[in-house]
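Hydrogens, waters and symmetry mates are skipped; everything else that's a heavy atom, side chains included, is used. Proteins get letters first, then strands, A, B, ... in listed order; numbering begins at 1 in each. Worth saying up front: this structure is predicted, and the values here are computed from it rather than measured.
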Amino acid sequence: MMTLILALQVTAVKADRIITVAGKEIENGVILIRDGKIEAVGEKVEIPEGARTIEAAVVMPGLVNPYSRTGLAGTGGSADQTAAEFLDPLSEGFLAEARAGYTTLVLYPSNGLVSGRTAAVKTRPGPAEAMLVDADGALRVAFSPSTQNKEALKKALEAAKGFIEAEKKEAEEKKKKPEEGKKPEEGKKPEKKKEPTDSDKIFMSVLRGERKLLVQVNNAAGLLHFWQVVDEFKDFTLKTVYVLPPDLHRVADRLGERKAEAIVDPIVTLLPNTADRICPARVLQEAKCVFAVQPRGADEVLFETAKLVKYGVDREAALRALTLTPATFAGIEKRVGSIEKGKDADLLFLSADPFDAGVRLRRVMIEGHIVYEDPS
Amino acid sequence: MMLLLLALLQDEKVTALVGGDVYTVTQGVVRGGTVLIRGDTIEAVGDAIEIPEGATVMDVKGYRVYPGWIAASARGIGGGMPGSGKAADSLDPFHLTMELGVACGLTSCFLEAGSVSFWGGRASTSGASAVMRLTVGDVEKIVWHEPASVDLTAAWLNATPSPRYDLLDKFRQAKEHLAAKKDYEARKAAGKLKKDEKEPKPPGGVEQQLQLLTREIDARMDASRWADIRTALDLVERYPFPLTLVGVEEGWIHPDEISRAGVRCIVDARARLDEDKGANRPSGSRIELAAILHKAGVKVALIPPSANISTGGIGGRDLMTLPLAAAFAIRGGLPEQAALEGITITAAEICGIEDRVGSIETGKQADLIVLDGDPFHYLTMVQKTFVAGREVYDKNTAPYFKHIRPREIPVSVKKP
């Protein structure tokens, strides 16, 4: 009874600045939260009587980690598996992620060339069903170039292609002769139709463009070999999100031609054999690619991303790379990634601008609940 | 207008290397000549070549133009031969060895399996192989063909008697099958087939031997001592197939026997093999080896002591200085032209790509290098490298050697 009342309670966040990511920043604004959802956001939002009020300097949407294995107790290894199967809701890792500002994680199964589908979860510990945002996400492929991997991937896509074409043919035949189609010829047994397996169905959804491929490669050469395989399926609408290594600059023009969506480390590194600095995120920006960032150590993600801005990445793109872009990659942008009416109330309360060197994360809110409070 | 459209449709980059001394390898030297490249092909070579409008003109006066170097034996380039599967599916076109390779003029090589240590190592045959191009940044044409050859070292030279007899038996079966097939086809052509006579089926398990005897594929053997060389020649004399010997340190003892067998050799002029003091015959290595073999009419390709591209160890012993491997053979008496052939056209022939690369000829693939001097001089540097018509190396922009005696090659666009 008590929890019910609390949940129904209205919360108003009064902030000096609201970074919505979806549009313009709002000065001296209010975010109204009901049932864990954002009911209203703006400068002139009336605060209903009895509403709980939280004051903050700067508020931004909770961060979305586009490529994480936090809280997974198993590995996967085939297309019909999903990371949701291995979710350990009791893992302490979720709180650590929340403390770093992550409110949503896109979890990927590992192991093997085709390791399974991603699952998106909130970092607020609870029953698995409550944490899951999406249990049936992109199909993750860890591609290193070899004859074995190329043939395996090609075989899986070709099988799916075969089933899609058979389906089309069947549908056309049914259209042509609705009665004859049902009757098998006399004396002839009807051919037993080969049914697609669960894995085949996953690959069919990939070829139809209903599901993205999430492809991790170890170096630029891996991408070239990967494209050799998938370019044979150009008749289909393959959508791919790439998890890219720092040497992506070698294929920047080719990524640009493909208008690639990519996940990179927010790092500034050295060009091989030189003292020239290179920022992979900026290379992607210049190639007109959409990018999300995924840091290796999650603790200083805002600081790491601020460094990208210092090295020429557009500030707005950097903010999106932490929030809305990874949400869009995972197809969960209707629920998370920005401060907009109707979306989940996943908010970060900051002491200053997120890219300020001295910024402190004061509070983290997930679906209206405060999950972390700065003890200092 | 139509012409302009046609030119646009062709969409092939035209580059002219103008004013350099062009060392064609197969057709002499053109002093102050022009090499015209269209797309991936050499369109024209000579001293009175008209340069089409819009072509990129590189003024290489005072430089020399050579076909790209070819290593008849190499390891680790592009990440090396994979443990299993095909090289075409796993080579890394951005690998440091690719960039350093073209920076030193290497454009194609015979890639042997096996790992490369920091210190490099002697070239030796080792199973799976591929002939590769150093197409930096591109995987589409990175492999010419694979497998590149059959390695018979383990199956014949290093084998105990029993598997040796097995191999001989396979060759015998393959030879008999080919004879039976020939006989069948002759009688078929003459209409003298027996009733219901079927074409003879090839026996099982001898596919490799059939390929060798029909010259579809080459074989290699790694032989140093004369006894091994002689054993290798025994097999090829009994069952003629294209064979290349690697090492051949004691080949100078009876070069005529190698020549008669039609066997090609891959030689490291700096190889050291101690005299066999217990043997009552000449033995050991000699720097004159390449010269002696060449004089006897043997085709000789030249390789350095380390078959890889190494940034460690002693400089001048690996594929970064392939022309120095040829220079040491010259020191042992090999004519300069033969030494040049040993790292170009003869190496190409051993790799089975001599009709496409290895010399500067009209219609061949534009694998070219621009040098600032004699390739056999230790000071000479590669200024530019082209693989399949594409500039893959420019000394002034790549980080590796740009600080060493920088020189500019003026580049312009041909105006009407």
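- Within a 6.0 Å sphere centred on NZ of A/Lys150, other residues, nucleotides and ligands contribute more than 12 heavy atoms.
- For residues 99-107 of chain B, the interface with chain A (any heavy-atom pair closer than 4.5 Å) comprises B/Glu99, sorted by residue number.
- Within the 4.5 angstrom heavy-atom criterion, only side-chain atoms of B/Leu96, from C-beta onward, approach chain A.
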Taking it one step at a time, do B/Val139 and A/Trp227 satisfy side-chain contact (heavy atoms from CB on, under 4.5 Å)?
CA-CA 10 Å; B/Val139 290; A/Trp227 286 334; over 6 Å; no

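- Dense packing is recorded around CZ of A/Arg208, with more than 12 heavy atoms of other residues, nucleotides or ligands lying under 6.0 Å away.
- The two residues B/Ser90 and A/Ser146 make their nearest non-hydrogen contact at CB-CA, 4.2 Å.
- Note: A/Leu224 CG to B/Ile142 CD1 = 9.0 Å, rounded to the nearest 0.5 Å.
- Scanning residues 380-396 of chain B against chain A with a 4.5 Å non-hydrogen threshold yields no residues.
- In terms of heavy-atom pairs under 4.5 angstrom with chain A, the leader among B/Ser84, B/Ala88, B/Gly79 is B/Ala88.
- For A/Gln148, the CD atom counts as loosely surrounded, since its 6.0 Å shell holds 12 or fewer non-hydrogen atoms of other residues, nucleotides or ligands.
- In this structure, B/Lys13 places its NZ atom where only 12 or fewer heavy-atom neighbours from other residues, nucleotides or ligands lie under 6.0 Å away.
- Neither the backbone nor the side chain of B/Pro82 comes within contact range of chain A, judged by heavy atoms closer than 4.5 Å.
- For CZ of A/Phe233, the number of neighbouring non-hydrogen atoms (other residues, nucleotides, ligands) closer than 6.0 Å is greater than 12.
- Atoms CZ and CG, on B/Phe94 and A/Asn219 in that order, are 9.0 Å from each other to the nearest 0.5 Å.
- Not one N or O on the side chain of A/Thr147 forms a donor-acceptor pair closer than 3.5 Å with the backbone of B/Asp89.
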